[in-house]
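Since the model is a prediction, treat every value here as computed from it, not as a measurement.
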Amino acid sequence: MEKIFIQKDGLLYTPDGKTILGVDIESNAFTGKVPYGAKAIDEEVFNECPYESISLPDSIESLGYRLFANSENLETVKLPPEIKELPPYMFSGCKSLTKVYMPNELNGFPEGLFNECISLEEIPFRAGITVLPQYVFSRCSNLRSLVIPNTVKRIESNAASYCTALTALVLPASLEYLSDSAFEGCTSLHNIRIDGSNKIFYVSEEDGCLYEHTADGDKLRIATSAIQKQQVAFFKDNVDDESDDFFSDEDFDEIDETFSATVLPTDEETQNLVQQDNITQQITESMTEETEPQVQDTMEPEEEETEQALGLAEEEKEIMMGTEEDVDGMLEDIMNEEKQRDTVASDVLVDEKETQVLSQMMDVMNDTPAPSQESKVSDEELVNLLSPNDKPQKLDDTEQKIKILTQSVKQYKILAFNPQGELPAKTDLFVIAENLITDNQGNKVFTPKLLRCCNTFAHIQNFKRVVLLYGLPFENPEFENFYSGFMATKNIVLACEAQSPATLSEYAKAICKESRISLQKEDLVTQRKRISTKNNSMVKLVIQDIYED
């Protein structure tokens, strides 16, 4: 018997409008945000959907089986904060999924919830989880460390099987049952820890493997991939323990010279490099004039470098700001996001002393706030900026979202360019400055070296615009959610004080995490090579920015 339905907002509803039955694929009206009002969503409604982001309203009370299964383009999902039950295999096969805004509390994780979510790096645990059922995160091949909550009592068969990148596992004191195949195929696992108060399981000091006390003797339950002792950084997955320097202040000057030899190609052939030494010097000297933002202040030559680092001129502001009415409603897709954030990443090292390890592990598992940053707008204004309203919005409108971004931070500056030749797929570069300097007039400004570096990058990669940002208010959950979703696929450079990943501040680490900047050594090397020559690859880079008189 065919279901009777009505069409609205690109979705198919039951006649009473309380249940969503499917997507109206012919209308192309559905943008990824489900309107408020419906109470339930039927089975497999978004199965194999083409959307990258889907947001569900607070009115939803029940979700259907395999709701998002096999949606290979899906990256971000926002669930209703008050819902308590999730369906089995809800995200199974969502190979691009990286972020799920979960309800505040759940009755449990269902079977196969994150099965084959190969891009998921962290499991968003919630209060109320007592059982890890079959295939709950099986084949999550990008999962590197796993800290099981203290409420979990049972881990069933294949719960985390074939997580081939999993290297570190922490088990709770509450654990009572562990299936033989729970971690089958985890070929990289070489560090296991368990709360010392657990009377059933223990980790052998001799081989590092997990054993169970039984009536017939101790039984091996989980074997490590390599019987050796070493330190592992939980929730520090992207940070290479080796000290690998970022671009330094000296590198900025070197970039200005060596990179300049590859900029300003001829009109006929954009790939030809300028090779003559005298031309290199001329380009270096003229770069400021030729790559300066289209709107400039009037200044004396000797003041140019300092004035270049000042805040945005009034004309530049007009490029981005718009009216307050335009800004209202831009973030309807991230309204009512969860207020309790996922476990915050921190530098917790596994120590040889079990008690110290467990104490540090508990600190990591507790939610801790992001580093406090004052916003240039008040807290009330920021809440209003990110609040829901009834005005229409364009979810894919980059310019509108950049307005939100620039109005939320403490300070920003926009450099506009007129590139010649082939443009990259992403024509904007976002530069996050960890610190500012004080100029001769007492104003906080971006460093001249950073601005000069931005000019160089823009010339090499043919960027049309560089957006410099300072003071991201990550303490605001709505802003953090917005930033993470919007900036994940953008060209980003972090300019920080640290010389290497090991010395990054907590704020800089948060920026790297939310910006998808990998800090592994091989990735840093690759990014340095990519930025030095014209290519169409995404930029995710860290540079050192220290001002010296």
Side-chain angles (χ1 to χ4, degrees), residues 98 119 121-122 141-145 165 167-168 188 230-259 262 345-349 424-426 428-435 447 449-450 452-461 463 466 468-469 472 483-484 487-546:
T98 57
S119 296
E121 295 183 358
E122 297 179 20
S141 56
N142 209 25
L143 187 65
R144 299 181 183 178
S145 60
T167 61
S188 299
Q230 69 177 50
Q231 287 188 327
V232 174
F234 288 104
F235 293 97
K236 191 187 170 191
D237 301 335
N238 284 336
V239 181
D240 196 304
D241 288 333
E242 298 183 20
S243 179
D244 189 65
D245 292 348
F246 299 135
F247 284 130
S248 67
D249 272 348
E250 290 73 17
D251 291 322
F252 277 112
D253 293 329
E254 181 180 353
I255 288 170
D256 286 341
E257 296 175 2
T258 60
F259 281 19
T262 66
S346 64
D347 296 337
V348 180
L349 295 179
K426 304 284 186 179
D428 290 335
L429 173 66
F430 295 85
V431 177
I432 315 299
E434 185 176 20
N435 293 298
T447 68
K449 288 185 178 181
L450 179 57
R452 190 162 63 248
C453 192
C454 291
N455 289 336
T456 304
F457 288 163
H459 263 84
I460 294 172
Q461 302 299 337
F463 293 131
V466 177
L468 293 100
L469 304 168
L472 279 62
Y483 179 92
S484 178
M487 300 290 274
T489 57
K490 300 297 185 293
N491 297 308
I492 300 178
V493 170
L494 167 63
C496 62
E497 288 186 331
Q499 185 178 4
S500 67
T503 57
L504 279 172
S505 67
E506 294 301 318
Y507 176 61
K509 290 176 185 176
I511 293 174
C512 291
K513 177 183 176 182
E514 300 300 336
S515 304
R516 313 285 177 85
I517 298 176
S518 172
L519 298 176
Q520 291 196 21
K521 185 174 182 178
E522 59 270 22
D523 294 331
L524 290 171
V525 173
T526 299
Q527 284 294 325
R528 290 181 182 182
K529 292 179 180 178
R530 286 179 177 176
I531 199 66
S532 64
T533 58
K534 177 70 175 71
N535 63 81
N536 201 27
S537 301
M538 188 176 298
V539 175
K540 297 285 186 181
L541 186 65
V542 182
I543 59 178
Q544 188 184 27
D545 180 24
I546 298 179

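Looking at heavy atoms from C-beta onward, V493 lies out of side-chain contact with I531 at the 4.5 angstrom threshold. Inter-residue side-chain proximity for P501 and L524 is flagged as met; some heavy-atom pair is nearer than 4.5 Å. The closest side-chain heavy-atom distance from N435 to E497 is below 4.5 Å. Contact annotation: the side chain of V466 never approaches that of F457 to less than 4.5 Å [non-hydrogen atoms, C-beta and beyond].
Residues forming a side chain to side chain donor-acceptor pair (under 3.5 Å) with T503 (at least two apart in sequence, or on another chain): none. Partners of S119 by side-chain contact (heavy atoms from CB on, under 4.5 Å), not counting sequence neighbours, listed by chain and number: T98. A165 meets the side-chain contact (heavy atoms from CB on, under 4.5 Å) test with R144; sequence neighbours excluded. Qualifying side chain to side chain donor-acceptor pair (under 3.5 Å) partners for E434, counting only residues two or more places apart in sequence or in other chains: S505. Remark: T526 pairs with R530 by the side-chain contact (heavy atoms from CB on, under 4.5 Å) rule, at least two apart or across chains. By the side chain to side chain donor-acceptor pair (under 3.5 Å) test, S484 pairs with E514, sequence neighbours left out. Applying the side-chain contact (heavy atoms from CB on, under 4.5 Å) test to S515 and every residue at least two apart in sequence or in another chain returns Y483, I492, I511, I517.
Nearest heavy atoms, T489 versus M538: O-CE, 3.4 Å. Between F430 and L469, the closest heavy-atom pair is CD2-CD1, 4.5 Å. Taking both residues in full, the closest heavy atoms of N491 and V539 are given as OD1-N, 2.8 Å, listed atom of the first, atom of the second, then distance. In this structure, K540 and R516 approach most closely via the heavy-atom pair CD-O, 3.8 Å.
Remark: C496 SG to Y507 OH distance equals 11.5 Å, nearest 0.5 Å. Taking CG from D545 and CD1 from I432, the interatomic distance works out to 12.5 Å, rounded to the nearest 0.5 Å. Remark: N455 CG to I460 CD1 distance equals 11.0 Å, nearest 0.5 Å. For the atom pair L429 CG and C454 SG, the distance stands at 6.5 Å (nearest 0.5 Å).
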